[in-house]
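Start at 1 and go down the list; that is how both ligands and their atoms are numbered. In this text the structure is predicted, and so the values were computed from the model without any measurement.
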Amino acid sequence: MRIKRVMTILNDLGRVELDRGNQHRAEYESIVSNEIREKCRDLIYDNETLKKIMNIFLDNIKRGLAKATHPDATVKCFPTYVQDLPDGTETGKFLALDLGGTNFRVLLIELSGEHFEMKSKIFAIPQHIMLGSGEQLFDHIAECLAIFVKEEQVQHETLPLGFTFSFPLAQKGLTVGILERWTKGFNCSNVVGNDVVQMLNEAIERRGDVHIDVMAVLNDSTGTLMSCAWLNKNCRIGIIIGTGNNGCYVEKQENAELFDDNDMGSGKVIINLEMGAFGDDGCLDFARTEYDKEVDKHSINPGKQIQEKMISGMYMGELVRLALEKFTKEGLLFGGKGSDLLYERGRFYTKYVSEIESDEPGLFTNQKEILEELGLKHASEQDYVNVRFICECVSRRAAHLASAAITTLLHKMDEKKVTVGIDGSVYRYHPHFKNLMMEKIRELCDPSIEFDLMLSEDGSGRGAALVAAVAARQKKKAQQAT
Ligand code: GLC
């Protein structure tokens, strides 16, 4: 009974009752087993810890922006060469490629004034290509593009294309991006150090059956910012909380020392932070848990993308699984009896965390199904409460770390009203992520700054088309001027 009553309160907490959140939280915590509560303490960051992280993050951003410190900086702060936001006058047909999220997609987008029409197709990237050679990867991308343009019957047009390539690129211009390193599940040979736009163009030339004009290469966070800015002119930050974690924001050109292009008149430039790498120099070690270290150790890029591994969807389920495994082996969960699947790396999917936290108060409907699927049918009611608590600790921490990063940007930008565009599977599908972030940013942020979080409608696809469209508009303007 007590569990049911407290679970009702808990559900409210995730929805609207932000002010009373902490009180409810305390009540809910009281039905979690004492030992589990104690052992999860290191997964909970108080505001002092978050403020400390914010200070270190700000210092990292400054180091990334300055020429002298950039080479050794972990948060790279790459200028994107996107200087202008869409102004609604963009028109025409555009192609877009979106590589680096949950799916690889090819898109055809038609813009006219407020109108936006989009057709897209998802293609699989098999694991052997994700870990194969660069040439194979780009041949595969070119093949998917060729299939798509033929299906859409635009193979005879030379359409402008925006390429969303969601990995760290050192950009030398809007259409030149040198891959700094692979992240997430990719590790193709012979791409690091090369220009990915050139590799795409070469693959297309090798085929000879399609014609495109690559107008821009961009990060998914930039696409997110652009797609939200198209609808809301206060949008100045783009954030991804999906398979990976990253962000970008509008910076003054004078602060972006690496930016060496001609000013197109805005005085601004979008900075791709590559903030997933925050912590790679050990500066977050004081806050990392044994689960973080274990996840990192078994990843394909140990020691890299430390903050990303604490926040993003590629790792969240595994963080939870490691805690569940440990507590079971210590006899604190499931009567000490685990299962092969529970002990299998990667087998507790991130979507389980969202599903478990979506359960109605006291019912545990989704959780029962998940635990059954994992061979844990013998779980007790107390186990359900404990498992949910562990999921919450991990997802709340992710939301809080993302909030600390956003607040740091809000303070740095010094604008009075900022909308933050956000995309990514974790943010989109976790039932309480937005509320958790709203609540935490409100706590951490200077109250004189007004902010809002806006879910991006397909930032990677739509954003790529918009960047291509803005670039096409600027090119035309420049041609007219000469
Ligand atoms: C990784 C990539 C970054 C991307 C993010 C989200 O952190 O390095 O470029 O934006 O994932 O997809």
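- Taking 4.0 Å as the cut-off between side-chain N and carboxylate O, Lys172 and Asp195 do not count as a salt-bridged pair.
- Distance check, rounded to the nearest 0.5 Å: OH of Tyr429 to OG1 of Thr350 gives 13.5 Å.
- Nearest to atom 7 (O) of ligand 1 among the protein's heavy atoms is Glu308 OE1, 2.4 Å.
- Using a 4.0 angstrom heavy-atom cutoff, Met275 does not count as in contact with ligand 1.
- In the vicinity of Asn246, heavy-atom distances shorter than 4.0 Å reach the ligand 1 atoms 3 (C), 4 (C), 5 (C), 9 (O), 10 (O).
- Every heavy atom of Gly242 sits 4.0 Å or more from the atoms of ligand 1.
- Considering both main-chain and side-chain atoms, Phe167 comes within under 3.5 Å of ligand 1 through a nitrogen or oxygen pair.
- In this structure, Gly244 has a heavy atom closer than 4.0 Å to ligand 1.
- With hydrogens and angles ignored, the 3.5 Å screen pairs a side-chain donor or acceptor of Ser227 with a backbone N or O of Thr224.
- Between Met437 atom CE and His400 atom NE2 the span is 9.5 Å, to the nearest 0.5 Å.
- Between Lys440 and Glu443 there is a salt bridge, with a side-chain nitrogen of the basic residue lying less than 4.0 Å from a carboxylate oxygen of the acidic one.
- When the heavy atoms of Thr183, Leu99, Asp220 are ranked by distance to atom 4 (C) of ligand 1, first place goes to Asp220.
- Of all heavy-atom pairs between Ile441 and Ser403, the closest is CG1-CB, 3.6 Å.
- Cys228 contributes atom SG, which lies 14.5 Å from atom NZ of Lys233 (distance to the nearest 0.5 angstrom).
- Between Arg345 and Glu294, at least one side-chain nitrogen of the basic residue sits less than 4.0 Å from a carboxylate oxygen of the acidic one, meeting the salt-bridge criterion.
- Of all atoms in ligand 1, numbered sequentially from 1 with element shown, those under 4.0 Å from a heavy atom of Pro168 are 8 (O), 9 (O).
- Considering only non-hydrogen protein atoms, atom 9 (O) of ligand 1 sits nearest to Glu274 OE2, 2.5 Å.
- Heavy atoms of Asn245 found under 4.0 angstrom from ligand 1 belong exclusively to the backbone.
- Close approach of ligand 1 to Asn219 (heavy-atom distance below 4.0 Å) involves ligand atoms 3 (C), 4 (C), 9 (O), 10 (O).
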